[in-house]
J.: 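To start, I am sharing the structure in question, which I have written as structure tokens.
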Amino acid sequence: MNHLRGIYTIWYRDILRFWHDKMRMVGSIVVPLIFLFIFGSGLSSSMGFGNSGIDYTQFIFPGIIGMTVLMNSFMSGVSVVWDREFGFLKEVLVAPVSRTSVAIGKTLGSTTIAMLQGFLIILFAPIIGVSFSVSTLLAIIPLMLLLAISMSSMGILLATRIKSMQAFQVIIQMLMFPMIFLSGVFFPVEGLPVWMNVLVKINPATYAIAPIRQVMLGTTADSSLGVTVLGHTMSLWDNVAVVVVFGIVMTVLSMWSFNHQD
Amino acid sequence: MNVIEVVELSKKFKRLVAVDKVSFKVKEGEIFGFLGPNGAGKTTTINILCTLLKPTSGQAFVNGFDVVRQQNRVRRQIGLVFQDPSLDEKLSGIQNLNFHAMIYNVPVSVRKQRIEQMLRMVELWDRRNSFVETYSGGMKRRLELARGLLHRPKVLFLDEPTLGLDPQTRNRIWEYIIEMCRQEGTTIFLTTHYMDEAEKAGRIAIIDNGKIVAIDTPRKLKRIIGQDIISVKTENNAKATEEIRLRFQIEARDDGGGLTFNVDNGEEFLPEFIKGLGTKILSVNLRRPSLDDVFLKLTGREIRDEESKDYKSIAHHSGMRRH
Ligand SMILES: Nc1ncnc2c1ncn2[C@@H]1O[C@H](COP(=O)(O)OP(=O)(O)OP(=O)(O)O)[C@@H](O)[C@H]1O
Ligand SMILES: [Mg+2]
């Protein structure tokens, strides 16, 4: 009971803050939408995917959904740093709830916000000519959730370890953007130069984006849009398994880290 | 019963010793004051007691629970008003209190009514729905006080709680705190720079450079530290000085216009002094040493060599622990 109350309270505060901050609500989907429409329109004519009938806008759409979820959950998790900077973290840390509950509440809050942003992007599907059934949508939700939980936890983990604000800005730039750009959001991940191929394949986000695309566009794992690692074609479940492992590691580490900060 | 018990507590930040083998006990229902100059280690001590910091060595117990090994238990006993800001500025005043009530599990049945009571007490009821970022400095402070008192903790840590508040507000808040202490038996650990606020404490520890140099009631501290202070104006100050020296073996100081000197028992001394003095007295004033004087004498940098001797004996006399 005590744990649930703590988790709920922390979650509730995140949602309240998000609700108050209408600018942030709009702001955080503007960047993905700019990518979607500008890249989509600009590159659609020059990039095609054989006879699959998928144009570039449709190709990046699932990626943009993933990117939105990834960015928002990560930034939300990382906001613990601002709580420390403004002193509010002290109020939370002396409260009679376990640190684990606080970390879970924060993860769930960030996850909820990221999911809402992801849904806002999905609303643009009809405009760019992507259609999918309700069952497809229901299949995408757990994939988004998995990504959101993993990235929130990673954000929290970083926020509890890095105390200097300057170092922090650098880390965000040097971690979040490469994770997005080297994850197959904007281009298929096969046939890349070796160095890039290595970075893409060690990037956990790659395995989160691929299944969203597979499900949404109905492509198969062994198509040109799939992922192969060391010659092995990653099936939908292979991808999911990678993200699950990554998510579990991040969640456990973030909780441990939250319990061992001072 | 001792609600707070601190034994040989030390905290080092790299090479800086912020808290140096501090020991003290605070009884249930007591208001215990920590008085000391900037950087003395007051906040660091509080941070250890409220489980935000781990001590380098020594032990501390709150309501019998170890602040290192039983952190969750300790957190259930305490409430805090931090020295530094700790509000969520993106929430409104009432939302900040609501968050606090939720996380401290204030019963739903009394939550609303108690939040309103606290907001009215600190005169923020009219501004309850504004975001905290639009509050003035004093309003934020008042909200933090309201929040700290909201869940009626067993032990309340107040780190310079009324800094920057006007006198009426301070009085009103103190009335509430003292009433709460009386009704609920709350124990209060207070740090302050206001001497009148320190006077509210049952006992005061004076801390300097991480060490406790004296612990006692305000009254005893004042009595032990200084004698009563007498100021007189006479028709001929030079002659009066001479007379005081001969008759009472006291060296009076000329403070420009008048004479000042210290005596042990001003009330008994004064009638005799007035009767016996040959020089005509124009005015006379007897003043008790204030905590200001005590504070200056114990921690002020102007402590001179000849004074440092009796300063040590005082510290010893007033029960300083030095194992
Ligand atoms: N996190 C920290 N890292 C390094 N040094 C610290 C830290 N916190 C406090 N100190 C140092 O410890 C000493 C005691 O600080 P503390 O905040 O306890 O003083 P204080 O008595 O509360 O002073 P004030 O009246 O100014 O609030 C100071 O010299 C301070 O610089
Ligand atoms: Mg302080």
J.: Counting C-beta onward and ignoring hydrogens, is there a side-chain heavy-atom pair between B:Phe82 and A:Val94 closer than 4.5 Å?
T.: yes
J.: Check the pair B:Lys90 / A:Asp21 against salt bridge (charged side-chain N to carboxylate O under 4.0 Å, His left out), numbers first and verdict last.
T.: CA-CA 8 Å; B:Lys90 300 276 183 204; A:Asp21 209 350; 5.2 Å; no
J.: Could you report the tightest heavy-atom contact between B:Ser86 and A:Lys90, atom names first, then the distance?
T.: CB-CE, 4.5 Å
J.: Okay, side chain of A:Arg13, backbone of B:Phe99: is any donor-acceptor separation there less than 3.5 Å?
T.: no
J.: Working to the nearest 0.5 angstrom, can you tell me the gap between A:Trp19 CH2 and B:Leu91 CG?
T.: 15.0 Å
J.: Taking CZ in A:Phe168 as the centre, count heavy atoms belonging to other residues, nucleotides or ligands within less than 6.0 Å. Is the count above 12?
T.: yes
J.: Nearest heavy-atom pair of B:Arg75 and A:Leu93: which atoms, and what distance?
T.: NE-O, 3.2 Å
J.: Can you tell me how far apart CG (A:Asp83) and CG (B:Asp88) are? Round to the nearest 0.5 Å.
T.: 6.5 Å
J.: Can you tell if the side chain of A:Glu91 reaches within under 4.5 Å of the side chain of B:His100, non-hydrogen atoms only?
T.: yes
J.: With chain A, which of B:Asn98, B:Asn47, B:Asn72, B:Asp84 has the greatest number of heavy-atom pairs at distances under 4.5 Å?
T.: B:Asp84
J.: Indicate the atoms forming the closest heavy-atom contact of A:Ala95 with B:Tyr104, along with that distance.
T.: CA-OH, 3.5 Å
J.: Below 4.5 Å, heavy-atom pairs only: which of B:Thr51, B:Leu87, B:Asn96 has the largest tally toward chain A?
T.: B:Leu87
